[in-house]
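This report refers to the structure that appears directly beneath it.
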Amino acid sequence: MADAIKTTALTKYYGKARGIIDLELKVTQGDFFGFIGPNGAGKSTTIRTLLGLLSPTGGRAEIFGKNILTHKEEILADTGYMPSEASFYRNRKVREIISLSASLRGTDRAQDCAAEAARLCERLELDTEKKICQLSLGNRKKVSVVCALQHKPRLCILDEPTSGLDPLMQREFFEILKERNREGATIFLSSHVLSEVQRHCRHAAVIREGRLLASDRIENLGYTGAKQVTVRGLAKPPLLKNIRDVKQNGDAMTFLYSGSPNALLETLAPLPLTDITIAEPDLEEIFLHYYTPQDSQKEDL
């Protein structure tokens with residue numbers, strides 16, 4: 001079985017400006033995959049290059065085993081794309097935009113698209129009689145969701161899809177994606193919101209400054225051996241090696257600790273603590289070290 005997405009040394013420069021550099025990315029069919037990075041890391045450049053909207057400077061990429069340069073139309077027929085910022089004809093009604101999007105898939109699929117679009121609009125509480133210029137950002141996002149998913153694509157590529165959606169609509173949106181994934185679709189979700197990646201994705205890749213830093217199962221990416229320690233009753237951090245990311249919130253102090261548990265307990269035992277909690281850190285805490293500058297990372301290590 002071919003991978004849903006596979007890149008080999010994929011590179012894109014804008015003149016002399018960096019886009020992405022030597023990207024080696026692999027997404028298996030049927031996966032729910034997160035693509036993580038801060039703004040400007042290269043997430044959108046990667047996606048637009050995969051879809052043929054940008055020409056690569058170097059390297060190679062395939063979707064379902066097909067070269068993105070020579071099989072562009074076939075790839076797009078199997079793909080649903082939701083950009084981070086979608087623009088529509090302002091004076092057109094929602095139903096007209098959705099119908100136009102469906103017509104681009106060919107007349108043989110238009111009827112199926114119409115039925116699925118109606119279901120999606122109902123679930124997302126989208127008024128199809130309103131004009132685009134009358135919609136809030138969240139409702140324009142909903143239009144983008146329907147346009148991307150109404151033809152039931154084998155691959156869903158979603159670039160920062162939840163910005164602008166309220167929490168209830170975000171939950172419904174992810175329910176729709178989970179259903180599609182259970183039916184066999186591959187979900188490729190670009191995001192800088194780590195909590196939603198941790199909650200919904202099985203695998204993820206981390207990109208920073210155009211380069212891929214890591215790609216693995218969510219639990220493996222987040223595992224560093226560190227524990228999140230919260231203590232109450234201390235005015236300053238304990239004299240311990242291997243602690244970082246110290247935060248003070250009222251009488252509670254939190255830090256990441258990656259040393260010996262015995263050394264931690266021996267150091268804390270004589271201190272005037274009123275409470276202590278030792279837990280696994282969440283993904284957001286762990287991934288901070290991917291985003292910090294290289295020199296800071298070396299100091300932490």
Side-chain angles (χ1 to χ4, degrees), residues 4-5 27 29-33 44 47-48 50-53 63-64 66 71-166 168-191 196 200:
I5 298 172
V27 180
Q29 288 192 41
D31 203 354
F32 203 128
F33 195 96
S44 294
I47 287 172
R48 291 168 185 164
L50 288 173
L51 294 171
L53 303 177
I63 291 182
F64 296 122
K66 300 173 182 176
H71 294 78
K72 181 177 175 180
E73 290 187 8
E74 296 172 48
I75 289 169
L76 292 178
D78 278 335
T79 304
Y81 169 49
M82 182 179 172
S84 56
E85 297 179 8
S87 297
F88 303 107
Y89 296 113
R90 288 178 49 80
N91 291 317
R92 294 287 188 176
K93 291 184 177 180
V94 169
R95 61 175 172 79
E96 293 175 319
I97 295 296
I98 294 172
S99 178
L100 173 62
S101 176
S103 69
L104 298 176
R105 303 289 171 184
T107 54
D108 58 331
R109 302 184 72 173
Q111 188 172 353
D112 291 338
C113 284
E116 183 61 20
R119 286 190 286 269
L120 290 170
C121 288
E122 182 178 1
R123 292 183 65 171
L124 296 171
E125 300 177 8
L126 180 60
D127 185 347
T128 59
E129 292 303 316
K130 283 190 174 182
K131 290 185 176 181
I132 295 296
C133 61
Q134 297 174 308
L135 300 182
S136 64
L137 171 61
N139 280 317
R140 292 199 302 274
K141 277 282 188 177
K142 294 176 187 179
V143 177
S144 188
V145 172
V146 176
C147 290
L149 301 183
Q150 64 178 335
H151 63 296
K152 290 194 170 183
R154 293 170 61 200
L155 173 63
C156 303
I157 297 182
L158 313 160
D159 193 1
E160 303 284 358
T162 57
S163 61
L165 294 178
D166 66 52
L168 289 177
M169 283 299 107
Q170 288 184 25
R171 184 168 63 181
E172 186 63 28
F173 170 70
F174 277 110
E175 282 302 313
I176 293 169
L177 292 187
K178 288 177 184 177
E179 291 168 12
R180 294 297 178 87
N181 187 237
R182 286 194 292 268
E183 293 168 1
T186 304
I187 310 297
F188 185 82
L189 174 73
S190 162
S191 181
E196 68 183 21
H200 301 291

Fill in the blank from the handout: Output for pair (L104 CG, C113 SG), nearest 0.5 Å, gives 10.0 Å
Handout entry: Set of residues satisfying side-chain contact (heavy atoms from CB on, under 4.5 Å) with respect to L53, sequence neighbours excluded
Key = R48, L51, Y81
Exercise for the section: Could you tell me whether a side-chain N or O of Q170 sits under 3.5 Å from a main-chain N or O of L165, the two making a donor and an acceptor? Expected result: yes
Handout entry: Test item: Q150 and R105 side chains (from C-beta on) under 4.5 Å apart, heavy atoms
Key = no
Practice task
Before accepting this row, confirm whether a basic side-chain N of the pair E179/K152 lies closer than 4.0 Å to the acidic partner's carboxylate O.
Solution key: no
Practice task
Could you walk me through whether L155 and I5 pass side-chain contact (heavy atoms from CB on, under 4.5 Å), step by step?
Solution key: CA-CA 9 Å; L155 173 63; I5 298 172; 4.2 Å; yes
Completion exercise
Rounding to 0.5 Å, atoms CZ (F173) and CG (D166) come to a distance of 13.0 Å
Problem - Step-by-step side-chain contact (heavy atoms from CB on, under 4.5 Å) determination, L189 to F33 - result: CA-CA 6 Å; L189 174 73; F33 195 96; over 6 Å; no
Practice task
Taking the side chain as every heavy atom from C-beta outward, state whether I157 and I47 have any atom pair closer than 4.5 Å.
Solution key: yes
Practice task
Verify the neighbour count for atom NZ of K66: are there more than 12 heavy atoms of other residues, nucleotides or ligands below 6.0 Å?
Solution key: yes
Exercise for the section: Go through the structure and list residues passing side chain to side chain donor-acceptor pair (under 3.5 Å) with E172, not counting sequence neighbours. Expected result: R123
Practice task
May I ask you to test the D78-F64 pair for a side-chain heavy-atom distance under 4.5 Å?
Solution key: yes
Practice task
State which residues pass ring-ring contact (aromatic ring centres under 6.0 Å, His included) with F174; sequence neighbours excluded, sorted by chain then number.
Solution key: H200
Problem - Flag side-chain contact, heavy atom, 4.5 Å: C156 against L149 - result: yes
Problem - Beyond-backbone contact of T162 with E196, side-chain heavy atoms, under 4.5 angstrom - result: yes
Exercise for the section: For I132 and N91, run side-chain contact (heavy atoms from CB on, under 4.5 Å): C-alpha distance rounded to whole Å, both residues' side-chain angles, the deciding distance at 0.1 Å, then the answer. Expected result: CA-CA 6 Å; I132 295 296; N91 291 317; over 6 Å; no
Handout entry: Heavy atoms from other residues, nucleotides or ligands near NZ of K130 exceed 12 (cutoff 6.0 Å)
Key = no
Handout entry: From L126 atom CG to R95 atom CZ, the distance as rounded to the nearest 0.5 Å
Key = 12.5 Å
Handout entry: Electrostatic pair E96:K93 at N-O distance under 4.0 angstrom
Key = no
Fill in the blank from the handout: In terms of heavy-atom contacts, S163 and E160 come closest through OG-O, 3.5 Å
Problem - Greater than 12 external heavy atoms within 6.0 Å of Q134's CD - result: yes
Handout entry: Within-4.5 Å side-chain heavy-atom neighbours: Y89 and L100
Key = yes
Exercise for the section: First locate atom CD1 of I98, then atom CD of E116, and finally report the distance between them rounded to the nearest 0.5 Å. Expected result: 11.5 Å
Practice task
State, yes or no, whether a side-chain contact exists between T128 and V146 at a heavy-atom distance under 4.5 Å.
Solution key: no
Handout entry: Contact summary for S190 and P161, nearest pair of heavy atoms
Key = O-CD, 3.6 Å
Exercise for the section: May I have all residue pairs that pass salt bridge (Lys or Arg N to Asp or Glu O under 4.0 Å) and include part of residues 132-145, sequence neighbours excluded? Expected result: none
Exercise for the section: Give the C-alpha distance, both sets of side-chain angles, the deciding distance and a yes or no for side-chain contact (heavy atoms from CB on, under 4.5 Å) between I176 and L124. Expected result: CA-CA 10 Å; I176 293 169; L124 296 171; 4.2 Å; yes
Problem - Gap separating the CG atom of D31 from the CG atom of N181, nearest 0.5 angstrom - result: 7.5 Å
Fill in the blank from the handout: Note: P153 and T79 closest approach over all heavy atoms is CB-C, 3.6 Å
Handout entry: Backbone of T186 reached by a side-chain donor or acceptor of Q29 within 3.5 Å
Key = no
Completion exercise
Residue set satisfying side-chain contact (heavy atoms from CB on, under 4.5 Å) with E73, at least two apart, ordered chain then number -> none
Practice task
Indicate yes or no: at least one non-hydrogen side-chain atom of L158 is less than 4.5 angstrom from one of F188.
Solution key: no
Handout entry: Backbone of H71 reached by a side-chain donor or acceptor of E74 within 3.5 Å
Key = no
Handout entry: Backbone of I187 reached by a side-chain donor or acceptor of R180 within 3.5 Å
Key = no
Handout entry: K72: partners by side-chain contact (heavy atoms from CB on, under 4.5 Å), with sequence neighbours left out
Key = L76
